[in-house]
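Some notes on the structure that comes next.
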There are 2 protein chains.
Amino acid sequence: MRSYGQYCSLAKALDVVGDRWTLLIVRELLLRGASRYTDLRNGLPGIATNLLADRLRELELAGIVAREEAPPPIASTLFRLTPRGEELRGALVELGRWGAPLMAEPDGDEEFRSHWLALPVELYLTDRSPDRPPVTIEVQTAGEPMVIQTADGRARARPGEAAHPDAVLRGAPDLVIGVLTGLVELAAARDRGAQYEGDPGILSRVRGEGSVPEHGTAPV
Amino acid sequence: MRSYGQYCSLAKALDVVGDRWTLLIVRELLLRGASRYTDLRNGLPGIATNLLADRLRELELAGIVAREEAPPPIASTLFRLTPRGEELRGALVELGRWGAPLMAEPDGDEEFRSHWLALPVELYLTDRSPDRPPVTIEVQTAGEPMVIQTADGRARARPGEAAHPDAVLRGAPDLVIGVLTGLVELAAARDRGAQYEGDPGILSRVRGEGSVPEHGTAPV
DNA sequence: CAGCATCCGCTTTGATACTG
DNA sequence: CAGTATCAAAGCGGATGCTG
């Protein structure tokens with residue numbers, strides 16, 4: 001990217017990560033950890049492959065991404081964030097928080113990847129009963145399943161299945177997110193095709209107090 | 001901007017404010033308040049005038065900027081942030097914080113505007129003695145002077161001169177910022193042409209505890 | 001002068017095809 | 001799997017001109 005040529009920390013940050021697709025690549029690496037090129041491409045629907053290669057090179061040069069040749073059993077190149085790259089988490093989360101109200105606008109033909117759930121989970125879920133035994137919710141909404149787990153008073157999401165989940169939530173992405181954040185009532189989500197198995201108390205335990213601010217028409 | 005087409009709050013935020021120059025326009029409106037077109041152009045050295053017009057229209061459409069016809073005595077169009085636009089402050093500050101270490105790299109031919117000082121002031125200054133009477137520092141570093149003032153335990157910057165400042169700081173932008181954030185010692189800054197008049201205690205009163213993280217070579 | 005719109009050359013991006 | 005190569009389309013930068 002062409003530099004703005006301004007002696008201002010915001011302008012200088014944008015000189016480095018302000019290019020199209022760049023922050024979304026960082027999102028992938030933040031949410032999924034070290035990833036292969038193909039996994040990145042899969043998590044970034046719409047990106048042109050040459051663009052991804054270009055950006056990874058630039059990010060490497062900027063000290064944000066490190067390339068790592070995995071040992072023989074894996075035999076693949078891995079891309080991971082450097083500590084400096086991890087420091088982008090705050091900025092990324094704040095931008096995601098600002099964008100959250102836009103999620104209410106339903107746009108049929110948008111892509112979704114289930115690991116993106118980790119961002120709303122970080123933003124809006126918590127553990128209201130940190131002293132009781134931890135709970136696990138399995139979420140099935142697109143492609144691979146995700147597991148939401150409480151630990152240290154926080155809720156975390158990771159890809160995978162749970163052996164004995166305390167609850168299982170199935171449905172379209174907007175419904176799943178709506179139910180988790182509390183924007184959509186469980187009954188309303190059920191009416192629209194979502195399924196929930198388990199004690200509803202599990203759900204209210206992880207729903208945070210601050211709800212997503214509204215913007216335009218909320219989904220129910 | 002072309003949409004990323006992803007059902008993700010970060011992607012949707014970037015759909016709206018991810019274009020080149022857009023966040024810098026928001027910076028101007030956040031730091032200076034309602035501004036005329038010409039003032040915006042002046043605070044955004046390097047922008048093409050048609051781009052500024054385009055962006056302002058897009059931001060207006062997105063509900064981030066409002067256009068306001070000022071009454072007769074001023075006779076000019078004013079652009080200001082809507083409440084939704086103000087909500088970008090958090091994301092902008094976090095990005096600015098991430099970019100702060102990049103300020104250490106001296107690049108001779110960068111533009112600077114003194115009102116940009118308000119960002120590092122917000123990021124790194126505080127009032128360590130909120131119970132004592134407030135203090136005022138006048139800063140002269142480029143174009144118009146700025147005033148840093150303590151209030152409510154915080155330090156704020158605004159354009160203008162102070163009638164009876166408790167201290168006056170003069171010098172090149174990187175020295176002024178370095179001195180304020182504590183990255184550059186006063187004596188070192190003086191050696192490099194900066195001037196400070198007043199009780200050095202004033203300075204240590206507003207310098208925050210958390211200093212700017214280093215990155216590469218710090219200035220002195 | 002403030003607030004744009006137009007034109008033009010250059011750079012960046014997107015889509016697709018191809019390769020070690 | 002991890003990219004390059006190619007080419008068309010869109011976006012950007014800079015200059016200039018227009019209008020109240």
Side-chain angles (χ1 to χ4, degrees), chain A residues 1-6 11 14-25 28-29 32 34-62 65-80 109-111, chain B residues 1-6 11 14-25 28-29 32 34-62 65-80 109-111:
Chain A
M1 157 173 281
R2 194 191 157 111
S3 168
Y4 287 108
Q6 300 184 358
L14 292 174
D15 280 347
V16 180
V17 298
D19 256 329
R20 189 158 164 78
W21 289 106
T22 301
L23 278 180
L24 294 185
I25 294 173
E28 287 302 302
L29 294 170
R32 311 206 18 171
S35 309
R36 296 177 303 172
Y37 188 89
T38 312
D39 297 331
L40 288 175
R41 232 177 47 168
N42 208 272
L44 295 164
I47 197 172
T49 172
N50 58 343
L51 247 276
L52 177 55
D54 282 359
R55 292 289 182 272
L56 285 171
R57 220 182 332 246
E58 293 163 9
L59 284 169
E60 207 181 342
L61 218 75
V65 161
R67 188 181 305 243
E68 181 182 313
E69 298 299 329
I74 307 186
S76 172
T77 314
L78 287 183
F79 298 88
R80 67 164 67 248
D109 45 343
E110 280 179 328
E111 299 275 356
Chain B
M1 156 171 281
R2 194 190 156 118
S3 167
Y4 287 107
Q6 300 184 358
L14 292 174
D15 279 348
V16 180
V17 298
D19 256 329
R20 189 159 165 76
W21 290 106
T22 300
L23 278 180
L24 295 185
I25 294 173
E28 287 301 302
L29 293 171
R32 312 206 14 171
S35 309
R36 294 177 306 170
Y37 187 89
T38 313
D39 297 331
L40 287 175
R41 231 177 49 168
N42 207 271
L44 295 163
I47 197 172
T49 171
N50 57 341
L51 258 241
L52 177 54
D54 283 358
R55 293 290 181 271
L56 285 172
R57 209 168 315 125
E58 292 162 10
L59 285 170
E60 207 181 343
L61 219 73
V65 161
R67 189 181 304 245
E68 180 183 313
E69 299 299 328
I74 307 185
S76 171
T77 315
L78 287 182
F79 299 88
R80 66 164 68 248
D109 46 343
E110 281 178 329
E111 299 273 357

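Sequence lines set the chain letters: A, B, ... in the order given, protein chains first and strands last, and positions in each chain run from 1.
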Whole-Å gap separating C1' (dG3(C)) and CG (Asp54(B)): 13 Å
Dot-bracket encoding of pairs in DNA chain C, which uses [ ] for pseudoknotted crossings and | for another strand, Watson-Crick or G-U under 3.5 angstrom: ||||||||||||||||||||
Side-chain N or O of Trp21(A) closer than 4.0 Å to phosphate OP1/OP2 of dT12(C): no
side-chain N/O Arg20(A) vs dG14(C) OP1/OP2, d < 4.0 Å: yes
Show me, pair by pair, the donor-acceptor contacts under 3.5 angstrom made by side chains of residues 52-62 of chain B, not counting sequence neighbours?
residue, atom, partner, partner atom, Å
Arg55(B), NE, Arg20(B), O, 2.9
Arg55(B), NH2, Arg20(B), O, 3.4
Glu60(B), OE1, Arg67(B), NE, 3.1
Glu60(B), OE1, Arg67(B), NH2, 2.9

Residue pair Met1(A) / Leu14(A): nearest heavy atoms and the distance that separates them: SD-O, 3.2 Å
Given dC4(C), dG3(D), dC1(D), the nucleotide with the shortest approach to the side chain of Ala53(A): dG3(D)
Interatomic distance where CZ belongs to Arg57(B) and P belongs to dG3(C) [whole Å]: 14 Å
Results of ring pair (Phe, Tyr, Trp, His ring centres under 6.0 Å) for Tyr4(B) - residues two or more places apart only: Trp21(A)
d(CG, Asp39(B); C1', dC1(C)) in whole Å: 13 Å
Those residues that, when tested against Asp15(A), pass side chain to side chain donor-acceptor pair (under 3.5 Å) (two or more places apart): Ser3(A)
side-chain N/O Arg2(A) vs dC10(C) OP1/OP2, d < 4.0 Å: no
Side chain proximity check, Val65(B) to Arg80(B), heavy atoms < 4.5 angstrom: no
Separation of atom CG in Asp19(A) from atom C1' in dA10(D), rounded to whole Å: 15 Å
Verdict with supporting geometry, Thr77(A) and Glu68(A), side chain to side chain contact (heavy atoms under 4.5 Å, CB included): CA-CA 6 Å; Thr77(A) 314; Glu68(A) 181 182 313; over 6 Å; no
Contact under 4.0 Å: Arg55(A) side-chain N or O vs dG14(C) OP1/OP2: no
dG3(C) OP1/OP2 closer than 4.0 Å to side-chain N/O of Thr77(B): yes
Comparing Glu58(A) and Phe79(B) on DNA chain C - which has the more 5′ nearest nucleotide: Phe79(B)
Rounded distance in Å - CG (Leu24(B)) to P (dG13(D)): 11 Å
Whole-Å gap separating C1' (dC12(D)) and CD1 (Ile25(B)): 13 Å
Nucleotide nearest Tyr37(B) when distance is taken to its side chain, options dC4(C), dG13(D), dG3(D): dC4(C)
In residues 39-51 of chain B, what donor-acceptor pairs under 3.5 Å come from side-chain atoms, sequence neighbours left out?
residue, atom, partner, partner atom, Å
Asp39(B), OD1, Arg36(B), NH2, 3.2
Asp39(B), OD2, Arg36(B), NE, 3.1
Thr49(B), OG1, Tyr37(B), OH, 2.8

Whether over 12 other heavy atoms sit under 6.0 Å from Arg32(A) CZ: yes
Length of the line joining Arg41(B):CZ and dG3(C):P, which is rounded to integer Å: 10 Å
Distance, rounded to the nearest Å, where Glu69(B) contributes CD and dC4(C) contributes C1': 13 Å
Contacting residues from residues 44-52 of chain B, given that a heavy atom lies under 4.0 angstrom of DNA chain D: Gly46(B), Ala48(B), Thr49(B), Asn50(B), Leu51(B)
